[in-house]
Amino acid sequence: DFQGPESGSISGAGKVTLAAQQQISLAPSTSISAGNVLLKSDNMTIDGTVTASHNIFVTPFTAGRAIELGGTFISGALALSASELSFLTAPGLGIGTDGTTANTGTLTVTSAIGPFNAFPNLFGSSITQGTLAPITATAGLNAFATGSILLNHASNNIGSFGGTAGTNINLVTTGNLALGAVTAGS
């Protein structure tokens, strides 16, 4: 386990990597600031600020572990609440990847998430959302899945979309949608 100090900071211009199989905990008065930041653990509690001038990557330690966004602790999954996601600030945010390798577990949005302080890039074997889980990503969102991408909540507010799915992509948004590169099926 990595238990961050009660207060303090980690900073640098390069890459900061925190990897702990069981748990990473960042207290409210802690901060991480770097060019790139990788948080890799099967469970996380993020109450301190994480800032990167380039990218933040958040991924499970165990390959294939599921990711749940918007909820709280869920057994068997890396769960990140909307509040925890709001502490992550960077031009790019990769969830389900370490920047090189994508996590192969499912990624499910279980409760409302966004707006983001970084451009979200979601990775999983499939990417879905629950009935009470709208996504607010007015600057846009990218999603990459080996299976399907089903982001079809009627209250989604996604400004642009790009991504790749091994099978189908189903995306719904309330406003205008700008498309980047999108590939569905092989």
Side-chain angles (χ1 to χ4, degrees), residues 35-40 44 46 49-60 64-72 74 77-186:
N36 290 295
V37 176
L38 169 60
L39 302 176
K40 186 173 185 173
M44 295 184 198
I46 302 172
T49 59
V50 180
T51 305
S53 57
H54 298 291
N55 296 295
I56 297 172
F57 302 103
V58 180
T59 194
R65 187 171 179 90
I67 299 172
E68 303 279 343
L69 300 180
T72 55
I74 299 167
L78 169 58
L80 298 168
S81 70
S83 174
E84 289 173 312
L85 291 170
S86 74
F87 287 114
L88 308 176
T89 302
L93 172 62
I95 300 175
T97 181
D98 62 9
T100 304
T101 305
N103 174 55
T104 56
T106 60
L107 187 148
T108 305
V109 180
T110 57
S111 189
I113 58 172
F116 292 89
N117 296 320
F119 192 95
N121 297 276
L122 309 179
F123 294 82
S125 58
S126 65
I127 300 173
T128 60
Q129 69 188 134
T131 58
L132 301 174
I135 299 169
T136 301
T138 55
L141 172 121
N142 291 327
F144 304 92
T146 54
S148 61
I149 298 171
L150 302 174
L151 300 176
N152 54 0
H153 192 283
S155 296
N156 283 343
N157 186 356
I158 300 170
S160 68
F161 178 79
T164 303
T167 57
N168 302 319
I169 297 175
N170 184 341
L171 176 71
V172 174
T173 187
T174 59
N176 294 330
L177 179 66
L179 286 178
V182 177
T183 304
S186 43

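Worth saying up front: this structure is predicted, and the values here are computed from it rather than measured.
Atom-to-atom distance recorded for Leu171:CG and Ile127:CD1 is 11.0 Å, nearest 0.5 angstrom. In this structure, the separation between CD1 on Ile56 and CD1 on Ile46 is 8.5 Å, given to the nearest 0.5 Å. Rounding to the nearest 0.5 Å places CG of Asn117 at 9.5 Å from CG of Leu93. Distance check: Thr131 OG1 to Asn152 CG gives 10.5 Å after rounding to the nearest 0.5 Å. How far CG of Leu122 is from CG of Leu107: 5.5 Å, rounded to the nearest 0.5 Å. Here CZ of Arg65 is found 11.0 Å from OG1 of Thr59. Values are rounded to the nearest 0.5 Å.
For the pair Pro60 and Lys40, the tightest heavy-atom approach, listed with the atom from each and the gap, is O-CG, 3.7 Å. The two atoms that bring Leu141 and Ala137 nearest to each other are CB-CB, 4.3 Å, heavy atoms only. Across all non-hydrogen atoms, the minimal contact from Gly35 to Ser53 is CA-OG, 3.2 Å. Scanning all heavy atoms of the two residues, the minimum distance from Glu68 to Ala77 falls at CG-CB, 3.6 Å. What you find for Gly147 and Ala165 is that their closest heavy atoms are O-CB, 3.4 Å. Taking both residues in full, the closest heavy atoms of Gly70 and Ser111 are given as O-CB, 3.4 Å, listed atom of the first, atom of the second, then distance.
For the pair Thr89 and Thr49, the minimum side-chain heavy-atom distance is 4.5 Å or more. The closest side-chain heavy-atom distance from Thr108 to Thr128 is below 4.5 Å. Between Leu80 and Leu88, every side-chain heavy-atom pair lies at or beyond the 4.5 Å cut-off. Considering only heavy atoms from C-beta on, Thr173 stays 4.5 Å or farther from Phe161 through its side chain. Within the 4.5 Å cutoff, the side chain of Val50 has no heavy atoms near those of the Val58 side chain. Between Val109 and His153, the closest side-chain pair of non-hydrogen atoms is not below 4.5 Å.
Residues satisfying the ring-ring contact (aromatic ring centres under 6.0 Å, His included) test with Phe123, not counting sequence neighbours, are Phe144.
Asn142 places no side-chain N or O within 3.5 Å of a backbone atom of Gly163 that could act as its donor or acceptor partner. A donor-acceptor pair is defined here as one N or O able to donate and one able to accept, closer than 3.5 Å; no such pair exists between the side chain of Asn157 and the backbone of Thr136. Asn121 contributes a side-chain N or O that, together with a main-chain N or O of Phe119, makes up a donor-acceptor pair within less than 3.5 Å. Within the 3.5 Å criterion, the main-chain N or O of Gly71 finds a donor-acceptor partner in the side chain of Thr110. Side chain of Ser126 to main chain of Ala145: no donor-acceptor pair is present (N/O by atom type, distance under 3.5 Å, no hydrogens or angles). Judged by distance alone, with hydrogens and angles left aside, the side-chain atoms of Asn156 form a donor-acceptor pair with the main-chain N or O of Leu151 at under 3.5 Å.
Atom CG of Leu132 has 12 or fewer neighbouring heavy atoms from other residues, nucleotides or ligands inside a 6.0 Å radius.
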Test side chain to side chain contact (heavy atoms under 4.5 Å, CB included) applied to Leu38 and Asn36, step by step: CA-CA 7 Å; Leu38 169 60; Asn36 290 295; over 6 Å; no
